[in-house]
Participant: 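Pasting a structure here, questions to come.
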Amino acid sequence: MKKTVALPRSLAALVAVCSLCLGSCAQSSYQPAPVPQVLKDVEILAADSMEGRLPNTPGHAKAQQYLLKRFQQVGLQPVGGQYQHAFTFSPRGSSATVPGVNLVGVRTGSSPKKIVVTAHYDHVGTRNGQIYNGADDDASGIGAILALAEHFKKEKPKHTLVFVAFDAEEQGLVGSKAFVSNLPFPKEDILLNVNLDMVSISDKNELYASGTYHYPWIRQLVEQVKLPEQFRLSFGHDRPEQGHDDWTLQSDHGSFHQAQIPFLYFGVEDHPHYHKESDEFQNIHQNFYLKAVEVILKAVQVLDEKLPE
């Protein structure tokens with residue numbers, strides 16, 4: 001049996017005070033880990049207040065204003081004196097003409113040759129009273145291009161990086177077709193389009209880099225990227241014989257490809273939330289998404305370093 005030694009009253013009081021102080025200090029010094037800005041961007045764009053971001057609706061206009069603010073915050077410069085590049089189109093199933101707006105910002109590099117990094121900010125809106133928030137499709141792509149723009153604010157790129165948030169992708173790639181048909185700079189200055197569409201949900205922790213069937217030289221560069229643990233980067237979904245599983249023309253990179261501009265598309269395979277009201281922020285795979293953004297950034301860094309000036 002251990003003997004208990006009685007402390008002098010003054011010492012006992014000091015120990016009690018110190019213990020209380022340490023406990024209080026531990027509580028007051030604790031700070032939860034900050035939420036990465038890229039997750040905040042996705043959550044905001046996929047909020048109910050954006051009403052599913054259907055073009056020419058109040059929710060879509062709200063999303064556009066948020067992105068204008070973010071373009072300014074990450075230090076992108078407007079192209080042609082403005083971020084907003086307007087066009088008109090007729091929505092599917094309608095003969096009416098409505099406005100669309102692409103948002104374009106630039107990070108000037110030491111070379112005038114350009115890598116155009118893209119994602120679309122529209123979605124399908126509200127159906128049968130349900131809001132289709134499009135967290136993965138494609139708030140995730142927009143969050144990623146904003147994260148890349150922020151990174152290259154600190155690390156000046158060799159090539160000029162053009163960041164475009166396309167409108168009306170869900171209406172048939174309308175925004176990207178309008179952009180490519182009326183480029184704000186010479187077509188010959190564009191070396192590559194890197195398009196992001198659905199990059200945040202994968203049960204297999206697998207991201208696809210598509211387009212290398214058409215442009216094999218791109219694969220040799222992307223394979224230099226070191227991958228995070230438990231993360232797969234696969235190549236494919238770009239061969240004609242794959243039918244619907246050929247993604248070559250299924251997102252905005254298709255507009256560049258048809259104009260003979262090389263592309264690299266990052267995306268995940270379809271999942272149960274695709275074009276469903278369940279495509280909500282709480283259903284994205286946050287750890288996978290953060291790794292996907294890291295891999296995409298590294299790929300753009302390699303491309304920026306290796307492509308000719």
Side-chain angles (χ1 to χ4, degrees), residues 67-68 70-87 101-121 141-142 144-167 169 173 175-197 209-212 214-225 251-266 293 295-309:
L67 288 177
L68 286 171
R70 291 290 291 124
F71 271 41
Q72 293 170 337
Q73 288 175 344
V74 300
L76 292 177
Q77 298 300 309
V79 174
Q82 58 186 1
Y83 296 111
Q84 296 163 297
H85 292 237
F87 59 93
V101 180
N102 294 326
L103 305 177
V104 187
V106 65
R107 177 82 67 226
T108 303
S110 54
S111 169
K113 296 296 184 180
K114 296 170 176 64
I115 299 172
V116 183
V117 184
T118 61
H120 71 92
Y121 72 100
I142 291 292
I145 71 169
L146 290 171
L148 267 62
E150 178 69 42
H151 173 85
F152 285 105
K153 182 179 180 180
K154 305 167 188 173
E155 175 188 303
K156 183 177 179 179
K158 182 173 76 171
H159 297 87
T160 294
L161 302 181
V162 181
F163 294 89
V164 188
F166 284 129
D167 199 359
E169 187 271 350
L173 318 185
S176 56
K177 289 176 181 176
F179 178 80
V180 171
S181 65
N182 188 28
L183 289 168
F185 35 72
K187 175 184 169 182
E188 55 269 22
D189 282 353
I190 303 177
L191 299 176
L192 179 69
N193 166 231
V194 178
N195 185 44
L196 319 179
D197 193 351
S210 184
T212 60
H214 303 284
Y215 309 102
W217 55 268
I218 297 177
R219 178 167 181 163
Q220 299 170 14
L221 299 177
V222 176
E223 285 179 332
Q224 299 178 26
V225 173
S251 185
D252 288 312
H253 55 271
S255 301
F256 290 84
H257 179 62
Q258 290 183 316
Q260 288 78 54
I261 298 171
F263 77 87
L264 175 65
Y265 165 54
F266 289 103
V293 174
V295 169
I296 294 166
L297 169 60
K298 288 180 178 178
V300 172
Q301 287 176 309
V302 170
L303 292 163
D304 179 49
E305 178 186 351
K306 302 293 186 179
L307 289 178
E309 293 190 53

Participant: Checking Lys114 now: which residues fulfil side chain to side chain contact (heavy atoms under 4.5 Å, CB included) with it, not counting sequence neighbours?
Facilitator: Thr160, Val162, Phe185, Asp189
Participant: Inspect the surroundings of NZ in Lys306 and state if more than 12 heavy atoms from other residues, nucleotides or ligands are less than 6.0 Å away.
Facilitator: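 It does not: Lys306 NZ has 12 such atoms or fewer within range.
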Participant: Checking side-chain contact (heavy atoms from CB on, under 4.5 Å) for the pair His159/Leu191: CA distance, chi angles, key distance, verdict?
Facilitator: CA-CA 9 Å; His159 297 87; Leu191 299 176; 3.5 Å; yes
Participant: Could you walk me through whether Val300 and Leu148 pass side-chain contact (heavy atoms from CB on, under 4.5 Å), step by step?
Facilitator: CA-CA 9 Å; Val300 172; Leu148 267 62; 3.7 Å; yes
Participant: Between OG1 of Thr212 and CH2 of Trp217, what distance do you get to the nearest 0.5 Å?
Facilitator: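 Answer rounded to 0.5 Å: 11.0 Å.
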Participant: Atom NZ of Lys158 and atom CG of Leu303: how far apart are they, to the nearest 0.5 Å?
Facilitator: 10.5 Å
Participant: Quick one: pull up CD1 in Ile296 and CD1 in Ile145 and give me the separation to the nearest 0.5 Å.
Facilitator: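 Rounded to the nearest 0.5 Å, the CD1-CD1 separation comes out at 11.0 Å.
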Participant: According to side-chain hydrogen bond (donor to acceptor under 3.5 Å, both in side chains), who are the partners of His257, at least two apart in sequence or on a separate chain?
Facilitator: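 For His257 the side-chain hydrogen bond (donor to acceptor under 3.5 Å, both in side chains) partners, ignoring immediate neighbours, are Tyr215.
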Participant: Taking side chain to side chain contact (heavy atoms under 4.5 Å, CB included) as the definition, give me every residue that meets it alongside Gln84, ordered by chain and number, with sequence neighbours left out.
Facilitator: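 If we apply the side chain to side chain contact (heavy atoms under 4.5 Å, CB included) test to Gln84, skipping adjacent residues, the hits are Gln64, Gln65, Leu68, Val101, Leu103.
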Participant: With sequence neighbours excluded, what pairs up with Gln72 under the side chain to side chain contact (heavy atoms under 4.5 Å, CB included) test?
Facilitator: Tyr83
Participant: Are any of the side-chain heavy atoms of Glu169 and Asp197 separated by less than 4.5 Å?
Facilitator: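 Yes - at least one pair of side-chain heavy atoms lies under 4.5 Å apart.
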Participant: Under the side-chain contact (heavy atoms from CB on, under 4.5 Å) rule, what do Asn193 and Tyr265 come out as? Steps first, then yes or no, please.
Facilitator: CA-CA 8 Å; Asn193 166 231; Tyr265 165 54; over 6 Å; no
Participant: With no hydrogens and no angle check, just 3.5 Å: does a side-chain donor-acceptor pair link His85 and Asn102?
Facilitator: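 There is no such pair (donor and acceptor under 3.5 Å, judged by atom type) between the side chains of His85 and Asn102.
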Participant: Where do Ala165 and Ile142 come nearest, in terms of heavy atoms and distance?
Facilitator: CB-CD1, 3.7 Å
Participant: Can you name the closest pair of heavy atoms from Ala144 and Leu196 and give their distance?
Facilitator: CB-CD1, 3.6 Å
Participant: Can you tell me how far apart CZ (Arg70) and CD (Glu150) are? Round to the nearest 0.5 Å.
Facilitator: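 Answer for the CZ-CD pair, Arg70 versus Glu150, is 7.0 Å.
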Participant: Can you tell me if Gln260 uses its side chain to pair, donor with acceptor, with the backbone of Gln258 under 3.5 Å?
Facilitator: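 Side chain of Gln260 to backbone of Gln258, a donor-acceptor pair under 3.5 Å: yes, one is there.
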Participant: Under 3.5 Å, is there a donor-acceptor pair linking the side chains of Asp252 and Thr118?
Facilitator: no
Participant: Among all residues two or more places apart in sequence or in another chain, which pass the side-chain hydrogen bond (donor to acceptor under 3.5 Å, both in side chains) test with Ser255?
Facilitator: Ser176
Participant: Can you see which heavy atom on Phe87 is nearest to which on Gly175, and at what distance?
Facilitator: CZ-CA, 3.5 Å
Participant: Which heavy atom in Phe152 sits nearest to a heavy atom in Leu297, and how many Å separate them?
Facilitator: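 Scanning both residues, the minimum pair turns out to be CE1-CD1, 3.7 Å.
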Participant: Identify the heavy atoms of Leu192 and Leu264 that sit nearest to each other, and give their distance.
Facilitator: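 Result for this residue pair: CD1-N, 4.0 Å.
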Participant: For Gln220, give me all partners under side-chain hydrogen bond (donor to acceptor under 3.5 Å, both in side chains), at least two apart in sequence or on another chain.
Facilitator: none
Participant: Let me see the working for Leu307 and Lys113 under side-chain contact (heavy atoms from CB on, under 4.5 Å), right down to the final yes or no.
Facilitator: CA-CA 9 Å; Leu307 289 178; Lys113 296 296 184 180; over 6 Å; no
Participant: Which residues pass the side-chain hydrogen bond (donor to acceptor under 3.5 Å, both in side chains) test with Asp167, sequence neighbours left out?
Facilitator: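 Checked Asp167 against side-chain hydrogen bond (donor to acceptor under 3.5 Å, both in side chains); matches are His60.
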Participant: Of Phe179, Phe263, Phe166, which meets ring-ring contact (aromatic ring centres under 6.0 Å, His included) against His253?
Facilitator: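 By the ring-ring contact (aromatic ring centres under 6.0 Å, His included) criterion, His253 pairs with just one of Phe179, Phe263, Phe166: Phe263.
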Participant: Quick one: list whatever passes side chain to side chain contact (heavy atoms under 4.5 Å, CB included) with Ala149, sequence neighbours left out.
Facilitator: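 Expected list: Val74, Leu76, Arg107, Phe163.
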Participant: Mind checking the OG-CG spacing from Ser110 to Asp304? Nearest 0.5 Å is all I need.
Facilitator: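 Here the rounded value is 8.0 Å.
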Participant: Going by the rule salt bridge (Lys or Arg N to Asp or Glu O under 4.0 Å), which residues pair with Lys298 if we only count those two or more places apart in sequence or in a different chain?
Facilitator: Glu294
Participant: Using the test salt bridge (Lys or Arg N to Asp or Glu O under 4.0 Å), find all partners of Glu305 that sit at least two apart in sequence or belong to another chain.
Facilitator: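 Residues passing salt bridge (Lys or Arg N to Asp or Glu O under 4.0 Å) with Glu305: none at all.
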Participant: Could you work out, with ring-ring contact (aromatic ring centres under 6.0 Å, His included) as the rule, every residue matching His120, not counting sequence neighbours?
Facilitator: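 With sequence neighbours excluded, His120 shows a ring-ring contact (aromatic ring centres under 6.0 Å, His included) to no residue whatsoever.
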